[in-house]
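Following: one structure in structure tokens, then a few remarks.
All ligand and atom numbering here is 1-based and tracks the order in the structure.
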Amino acid sequence: MNIQTEAILQKGFLDIETDPQKDLFAEIEKLKKQKRAIVLAHYYQEPDIQDVADYIGDSLGLAQKAATTDAELIVFAGVHFMAETAKILNPDKKVVLPDLRAGCSLADSAPADLFKAFKQKHPDHLVISYINCTAEIKALSDIICTSGNAEKIIESVPKDQPIIFAPDKNLGAYLNKKTGREMVLWNGACMVHEIFSLEKITKLKIRHPKAKLLAHPECEEAILNVADFIGSTTQILKYSQQDDTKEYIVATETGILHQMQLNNPLKTFIPAPPNNSCACNDCPHMKLNTLEKLYLCMQYELPEIIMDEPLRLAAKKPIDRMLQISKAAGLIG
Ligand code: 13P
Ligand code: SF4
């Protein structure tokens with residue numbers, strides 16, 4: 001490993017300056033062609049990144065796109081578990097992430113050793129894990145799901161089969177209610193989706209009586225109970241396009257508002273207020289990626305996702321199962 005590679009892996013692109021005159025949008029387009037690269041971005045990325053992406057989607061759509069792309073370089077503008085999933089599906093391609101520190105509080109809430117012990121306490125249970133987890137947790141799982149296909153994945157399992165659901169307790173509780181199952185839940189949560197204030201949302205609804213509340217199922221039950229629509233980011237976006245209401249309160253990460261506003265220029269989207277005064281419904285992990293880092297990571301093809309092959313193979317099995325079930329059910333993210 002040369003000194004520059006080592007420095008980028010340790011500190012990111014801190015020491016590298018880009019010419020402020022550079023048109024990063026044009027440069028990124030050039031690099032895409034030169035390197036046969038595809039830029040995949042989650043809806044929670046900053047607007048500039050969404051604007052330059054070849055594909056923007058929810059976790060399901062991104063996994064499906066990663067599974068079928070013929071690009072040689074996958075540039076993943078999202079968080080680590082998403083880029084890792086792309087690598088699991090593409091062992092022969094280079095997968096880069098603009099900032100290797102872009103983690104996920106939900107994935108962090110399930111350390112593999114503790115989860116292994118938890119699983120051992122329920123030996124007859126099948127493990128369904130939300131895609132927001134590490135490769136180690138995926139390797140300990142039977143099927144992966146996303147917020148866009150979780151119900152269908154659970155329904156594909158015989159009713160008398162006990163299930164462990166990890167790592168999101170809020171999504172798990174919501175799914176227990178929807179499917180009538182009593183899945184054993186791992187006690188994890190997303191820091192962004194647990195921050196919404198029911199009190200402030202209730203006051204906002206009084207001021208905007210016609211506004212509908214759109215919520216992601218990672219939100220707490222109290223928020224979901226008052227939501228008009230609950231779904232993955234793609235489902236929320238589609239709902240806002242097809243529904244004829246003019247105003248929405250959006251209880252998920254604020255990045256989604258960019259596509260909502262672009263697709264519905266005449267509608268009003270209000271971010272649901274957090275229970276404090278900071279902008280905590282911005283995911284600090286997602287927002288570590290910037291347009292400049294995206295450009296640099298394409299230029300240097302770093303930092304790259306590297307995976308141990310036995311772990312990759314073990315983590316791939318439950319992802320493949322998810323992709324098969326989703327395809328059979330006609331689910332597209
Ligand atoms: P979806 O992409 O499935 O909507 O989930 C949102 C999320 O929290 C990703 O980190
Ligand atoms: Fe993880 Fe929550 Fe950020 Fe999504 S929004 S990446 S679940 S911390």
Exercise. Using distance alone, decide if ligand 1 has a nitrogen or oxygen within less than 3.5 Å of any nitrogen or oxygen in Ser147.
Key: yes
Exercise. State if Met82 counts as touching ligand 1 under the rule of any non-hydrogen atom under 4.0 Å.
Key: yes
Practice problem: Starting from atom 7 (S) of ligand 2, locate the nearest protein heavy atom and write down its residue, its atom name and how far away it is, to 0.1 Å. | Solution: Asn132 ND2, 3.2 Å
Quiz item: Rounded to the nearest 0.5 Å, how far does CD1 of Ile223 lie from CD1 of Ile195?
Solution: 11.0 Å
Quiz item: Is it the side chain, the backbone, both or neither of Tyr44 that has a heavy atom closer than 4.0 Å to ligand 1?
Solution: side chain
Practice problem: Find all atoms of ligand 1 within a distance of less than 4.0 Å from any non-hydrogen atom belonging to His216, and give their numbers and elements. | Solution: 1 (P), 4 (O), 5 (O), 6 (C)
Practice problem: Please state which part of Glu253 comes within less than 4.0 Å of ligand 1, counting heavy atoms only: side chain, backbone, both or neither. | Solution: neither
Quiz item: Are any non-hydrogen side-chain atoms of Thr179 and Glu151 less than 4.5 angstrom apart?
Solution: yes
Exercise. Can you sort out which atoms of ligand 1 are near Asp58, meaning under 4.0 Å from one of its heavy atoms?
Key: 1 (P), 2 (O), 4 (O)
Quiz item: Pick from Glu220, Glu218, Glu194: which one makes a side chain to side chain donor-acceptor pair (under 3.5 Å) with Asn170?
Solution: Glu194
Quiz item: With a 4.0 Å cut-off, would you call Lys87 and Glu84 a salt bridge?
Solution: no
Quiz item: In ligand 1, which numbered atoms sit nearer than 4.0 Å to a non-hydrogen atom of Thr233?
Solution: 1 (P), 2 (O), 4 (O)
Quiz prompt | Close N or O approach (Thr146, ligand 1; < 3.5 Å) | solution = no
Quiz item: Just distances here: any N/O of Ser232 and N/O of ligand 1 closer than 3.5 Å?
Solution: no
Quiz prompt | Separation between CD1 of Ile153 and CD1 of Ile325, rounded to the nearest 0.5 Å | solution = 4.0 Å
Practice problem: Name the orientation class of the two ring planes belonging to Trp186 and Phe118 (parallel below 30°, tilted from 30 to 60°, perpendicular beyond 60°). | Solution: perpendicular
Quiz item: How far is atom 8 (O) of ligand 1 from its nearest protein heavy atom, and which residue and atom is that?
Solution: Glu218 OE2, 2.9 Å
Quiz item: For atom 3 (Fe) of ligand 2, what is the nearest protein heavy atom, given as residue, atom name and distance?
Solution: Cys283 SG, 2.4 Å
Self-check item: Minimum heavy-atom distance Asn187-Lys169, with the two atoms named
Solution: OD1-CD, 3.1 Å
Quiz item: If you measure from CG on Leu213 to CG on Asp228, what distance do you get to the nearest 0.5 Å?
Solution: 6.0 Å
Quiz item: Which ligand 1 atoms does Ser59 reach within 4.0 Å, using its non-hydrogen atoms?
Solution: 1 (P), 2 (O), 3 (O), 5 (O), 9 (C)
Quiz prompt | For ligand 1, the portion of Asn132 having any non-hydrogen atom under 4.0 Å away | solution = side chain
Exercise. Flag the pair Lys203 and Glu199 as a salt bridge only when some basic side-chain nitrogen lies within less than 4.0 angstrom of an acidic carboxylate oxygen.
Key: yes
Self-check item: Per-atom contacts of ligand 1 with Tyr130, taking only distances under 4.0 Å to non-hydrogen atoms
Solution: 5 (O)
Quiz item: Hey, which of Ile236, Leu62, Leu237 is the one that makes side chain to side chain contact (heavy atoms under 4.5 Å, CB included) with Tyr43?
Solution: Leu237
Practice problem: Quick one: pull up OH in Tyr239 and OG in Ser232 and give me the separation to the nearest 0.5 Å. | Solution: 14.5 Å
Exercise. Measure the distance from atom 2 (O) of ligand 1 to every protein heavy atom, then report the residue, atom name and distance (to 0.1 Å) of the closest one.
Key: His42 NE2, 2.7 Å
Quiz item: Asn149 pairs by side chain to side chain donor-acceptor pair (under 3.5 Å) with which of Ser59, Ser326, Ser156?
Solution: Ser326
Quiz prompt | Numbered atoms and elements of ligand 2 in range of Glu218, under 4.0 angstrom, heavy atoms | solution = 7 (S)
Quiz item: Strictly under 4.0 Å, does any heavy atom of His42 approach an atom of ligand 2?
Solution: no
Quiz item: Quick one: nearest non-hydrogen protein atom to atom 1 (Fe) of ligand 2, plus distance?
Solution: Cys104 SG, 2.4 Å
Quiz item: Backbone or side chain, does Cys190 get an N/O/S atom under 2.8 Å to atom 2 (Fe) of ligand 2?
Solution: yes
